[in-house]
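Each ligand, and each atom within it, is numbered from 1 in the order the structure gives.
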Amino acid sequence: MEKAKLILDKDFTIAQIDPRLYGSFIEHLGRAVYGGIYEPGHPLADENGFRKDVIGLVKKLGVPLVRYPGGNFVSGFNWEDSIGPVSQRPSRLDLAWMTTETNEVGLHEFAEWAKKADSSVMYAINLGTRGIDAARNVVEYANHKGGTYWSDLRRKNGAEDPLNIKLWCLGNEMDGPWQMGSRTATEYGRIANEAAKVMKWVDPSIELVACGSSGSGMPTFGSWEYEMLSECYDNVDYVSLHRYYGNPHNDTPDFLASTMDLDNFIRTVVSICDAVRGKKKRSKKLNLSFDEWNVWYHSHEQDEELHKKEPWGRALPLLEDIYNFEDALLVGLMLITFLHNADRVKIACMAQLVNVIAPIMTRNGGGAWMQTIYHPLMQTSLYGRGTSLRCQLTTEVHDTRHYSDVPNVDAAAVLGDDGSVTIFAVNRKLDEDVCLDVDARSFGSFTRIEQSVLHHDDLKAVNTEENPDNVSPVSLPAQKADGSAHQIRLGAASWNVIRLIKE
Ligand code: AHR
């Protein structure tokens, strides 16, 4: 059997992992809100119309942060439409997704939902069709205690206490021509800087995310980051990255190698942040917010048809990717990549959370179930908290259509507060098991090893409402361990969570 070797040392660490690495995203798009988190009349809806089955699945996922309300949607959104008596809120055309937004769920309702889901809100402001006035007002509305027009309006609307939103996005994908009000890097950098200034004047405790490129494939990628940060570096805290991968040509080895690109993307943005820091002679370091990431391609054709058939519909089933087993492997690899870069990637939001390119699916009036990609995210959110360890990994490599020297095995390791070490590992080989030799000498002895494996013989296998556990992790019998050297079998095409436990 092929061999790989992983050396871990408690003194070789990358960083403390920010729990916000396991964030998510809900946009007013498709059935994410209406039919996803909110469905009054559903047998499992609570007194506010929120689906309790969905809240249960979100809580199990352990989502500390949810980005809201967009996405492309936010660039045409008037936040004021989403407050006050629901019956008086306007319905508007959403030009981002060619649908109609009724504003039945707005700022207060979403903040309430987030609380029920044990999460917090990361709120995006509109820097497409709006500007700094709307930006400062919404911070005053959400976070100022009272005694001013906007804060008293919030109180009148039912929230006596501030909503206390600590993390804000300065627009969304402002480099993209598809964005309402897209801008050049300098135009965006200037408005982001002015918005950031006034928002922080209203509430100095907030943190702000500036829009990086909407993808590393954009023609302006790199120069966008450099130019816009040259304008707003001092007033922002994070730069955003967005990346979706797909396997439209059914080339699985190449698809599973996509995290080579992801890692390169992250390192490039880090370098640019640091270049601007150098140019400006600042001590402040910017970190990254990977606030949209996932697999997205399955639903593209279906969405085109739907738009032709039903323009301006409400809560249409858009972007409903049905994820298969190989997608779960890539999601696991993406999480491993974030853990490798935990020193600079502090926030990551899987896009999205429910129904829209999501780990959780629902049927209107029916059930809620976990897609394949739910599992690696849930397991990493559960065990990937603590310190990210530097992995000294020796493994054979292979070439794919777009990548060379792709490691057959990729792995990340996390030291938990309880002294356990969790290894997340993917065997990219589709037809060969690999024996992973783990050398964790400096940790002393472990007493028990647990291994959970996600595998399916069919790379295209999916979960459905009728067969929700078709692709789900299986726990292998726990092994006794009386030392720190261990040999672990990684099955062909598998996601593995290996827990080294001390008792
Ligand atoms: O997540 C779906 C869309 O992808 C978001 O609205 C946008 O920001 C990105 O292009």
Between [X] and [Y], is the ring centre distance below 6.0 Å?
X      : Y      : value
Trp296 : Tyr245 : no
Phe290 : Tyr238 : no
His108 : Tyr141 : yes

What class does the angle between the rings of Phe77 and Phe73 fall in, given that below 30° is parallel, 30 to 60° is tilted and above 60° is perpendicular?
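Rings of Phe77 and Phe73: tilted, 30 to 60°.
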
Just to confirm my output: which protein heavy-atom neighbour is closest to [atom], and how far is it?
atom                    : answer
atom 10 (O) of ligand 1 : Glu173 OE1, 2.8 Å
atom 8 (O) of ligand 1  : Glu292 OE2, 2.6 Å
atom 6 (O) of ligand 1  : Glu27 OE1, 2.6 Å
atom 1 (O) of ligand 1  : Tyr244 OH, 2.8 Å

Polar-atom distance check: [X] versus ligand 1, any N or O pair below 3.5 Å?
X      : value
Asn172 : yes
Trp97  : no
Asn72  : yes

Of the side chain and backbone of Val356, name the one, both, or neither that has a heavy atom under 4.0 Å from an atom of ligand 1.
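Neither part.
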
For Lys309, look at atom NZ and say whether over 12 heavy atoms of other residues, nucleotides or ligands are found less than 6.0 Å away.
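It does not: Lys309 NZ has 12 such atoms or fewer within range.
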
Would Asn72 and Ser75 count as having a side-chain donor-acceptor pair, cut-off 3.5 Å?
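Not at all, the side chains of Asn72 and Ser75 share no donor-acceptor pair under 3.5 Å.
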
Residues Ser230 and Lys279: side-chain donor-acceptor under 3.5 angstrom:
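Ser230 vs Lys279: donor-acceptor pair found between side chains.
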
Might you work through the side-chain hydrogen bond (donor to acceptor under 3.5 Å, both in side chains) test for Glu292 and Tyr244, ending with a clear yes or no?
CA-CA 8 Å; Glu292 287 188 32; Tyr244 298 96; 2.5 Å; yes

Could you tell me, atom by atom, which parts of ligand 1 come under 4.0 Å of a heavy atom of [X]?
X      : answer
Phe25  : 1 (O)
Gly71  : 5 (C), 6 (O), 8 (O)
Ile357 : 1 (O)

Out of curiosity, is Asn294 lining ligand 1, as in a heavy atom under 4.0 Å away?
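No, that is not the case, since the closest heavy atom of the residue is not under 4.0 Å from the ligand.
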
At the 4.0 Å heavy-atom cut-off, does Phe73 count as touching ligand 1?
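Not so, Phe73 does not reach ligand 1.
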
Would you find a donor on one side and an acceptor on the other, under 3.5 Å apart, between the side chain of Ser381 and the backbone of Leu61?
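Confirmed, Ser381 side chain pairs with Leu61 backbone.
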
